[in-house]
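Positions are given from 1 along the sequence.
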Amino acid sequence: NYAIRTAEVVRYLKDSGKNFPLCERLLACGLETGMNCQELFKGETAEDILRKLALYKIKEADYIIEMAVYGGYLTELQSVHIREDGEELIKLLNATV
């Protein structure tokens, strides 16, 4: 869900015509988070590395979203749900330790 919500935010940013310069980086963070979590929860790969990578990408995406808000590309209200999803995913990932 986090990767999908990230893609939806990127689509909104592109469709809004505001040309947020970090759209592609945000999309990459969302996709990499989704891929790492998928592998982690399958239990087929080095769990600690995947968990740390996923946590890092969520935090990077959150920072990019924060920059979009401060830059006027998104409003606080528009960023709330994806940031909450990120926080929930961080809690879930930390519970897997």
Undergrad: With sequence neighbours excluded, what pairs up with E88 under the salt bridge (Lys or Arg N to Asp or Glu O under 4.0 Å) test?
TA: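 Partners of E88 under the salt bridge (Lys or Arg N to Asp or Glu O under 4.0 Å) test: K91.
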Undergrad: With sequence neighbours excluded, tell me which residues meet side chain to side chain contact (heavy atoms under 4.5 Å, CB included) with Q38.
TA: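 Q38: side chain to side chain contact (heavy atoms under 4.5 Å, CB included) contacts with K42.
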Undergrad: Rounded to the nearest 0.5 Å, what separation is found between the CD atom of E87 and the CD1 atom of I82?
TA: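 If we round to the nearest 0.5 Å, E87:CD and I82:CD1 are 12.0 Å apart.
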Undergrad: Would you say V69 and T75 make side-chain contact, with heavy atoms under 4.5 Å?
TA: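 Not touching, per the 4.5 Å side-chain cut-off.
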Undergrad: Same cluster for L93 and I4 if Ile/Leu/Val/Met/Phe/Trp/Tyr side chains link at under 4.5 Å?
TA: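 Different clusters: L93 never reaches I4 through Ile, Leu, Val, Met, Phe, Trp or Tyr contacts under 4.5 Å.
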Undergrad: How far apart are the closest heavy atoms of V10 and C23, and which atoms are they?
TA: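 Distance-wise, the nearest heavy atoms are CG2-O, 3.6 Å.
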Undergrad: Please check if L53 and I58 belong to a single hydrophobic cluster, counting links between Ile, Leu, Val, Met, Phe, Trp and Tyr side chain heavy atoms closer than 4.5 Å.
TA: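 Unlinked, L53 and I58 end up in two clusters.
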Undergrad: Please walk me through it: do V80 and E84 pass side chain to side chain contact (heavy atoms under 4.5 Å, CB included)?
TA: CA-CA 6 Å; V80 167; E84 287 175 347; 3.4 Å; yes
Undergrad: So how far is it from I64 CD1 to L27 CG, rounded to the nearest 0.5 Å?
TA: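 I64 CD1 to L27 CG: 10.5 Å, rounded to 0.5 Å.
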Undergrad: Does atom CG (D15) have a neighbourhood of more than 12 heavy atoms from anything else shown, all under 6.0 Å?
TA: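 Correct, the count exceeds 12.
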Undergrad: Indicate if L40 and L92 have the same hydrophobic cluster label, given that clusters are the connected sets of ILVMFWY residues with side-chain heavy-atom separations under 4.5 angstrom.
TA: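 Hydrophobic grouping puts L40 with L92.
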Undergrad: Enter the distance from S79:OG to D62:CG here, rounded to the nearest 0.5 Å.
TA: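 It is 8.5 Å, given to the nearest 0.5 Å.
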Undergrad: When rounded to the nearest 0.5 angstrom, what is the spacing between CD in E39 and CG in L50?
TA: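 Separation between the atoms: 6.5 Å.
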Undergrad: Check salt bridge (Lys or Arg N to Asp or Glu O under 4.0 Å) between K52 and all other residues, then give those that pass, not counting sequence neighbours.
TA: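 Salt bridge (Lys or Arg N to Asp or Glu O under 4.0 Å) list for K52, sorted by chain: D48.
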Undergrad: What pair of heavy atoms forms the shortest contact from A3 to G30, and how long is it?
TA: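 For A3 and G30, the tightest heavy-atom pair comes out as CB-O, 3.3 Å.
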Undergrad: Are V9 and Y63 linked, directly or through intermediate hydrophobic residues, by side-chain heavy-atom contacts shorter than 4.5 Å (ILVMFWY only)?
TA: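 Cluster IDs for Y63 and V9 match.
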Undergrad: Any side-chain heavy-atom pair from N94 and L55 closer than 4.5 angstrom?
TA: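 Touching, per the 4.5 Å side-chain cut-off.
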Undergrad: So, taking the atom named CG in D85 and the one named OG1 in T6, what distance separates them when rounded to the nearest 0.5 Å?
TA: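 If we round to the nearest 0.5 Å, D85:CG and T6:OG1 are 8.0 Å apart.
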Undergrad: Does one hydrophobic cluster hold both M67 and L26, with members joined at side-chain heavy-atom distances below 4.5 Å?
TA: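 Linked within one cluster.
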Undergrad: Which residue pairs pass the salt bridge (charged side-chain N to carboxylate O under 4.0 Å, His left out) test with at least one member in residues 64-81, sequence neighbours excluded?
TA: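 Salt bridge (charged side-chain N to carboxylate O under 4.0 Å, His left out) check on residues 64-81 returns E66-R83.
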Undergrad: Applying side-chain hydrogen bond (donor to acceptor under 3.5 Å, both in side chains) as the test, list every pair that has at least one member in residues 22-37; sequence neighbours left out.
TA: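 Found K14-E24, R25-E60, E32-K57.
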Undergrad: What residue pairs, at least two apart or across chains, pass ring-ring contact (aromatic ring centres under 6.0 Å, His included) with a residue in residues 1-21?
TA: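 As it turns out, the ring-ring contact (aromatic ring centres under 6.0 Å, His included) pairs with a partner in residues 1-21, which skip direct neighbours, are F20-Y73.
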Undergrad: CG/L13 to CD/Q78 distance, rounded to the nearest 0.5 angstrom?
TA: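 Between L13 CG and Q78 CD, I get 8.0 Å after rounding to 0.5 Å.
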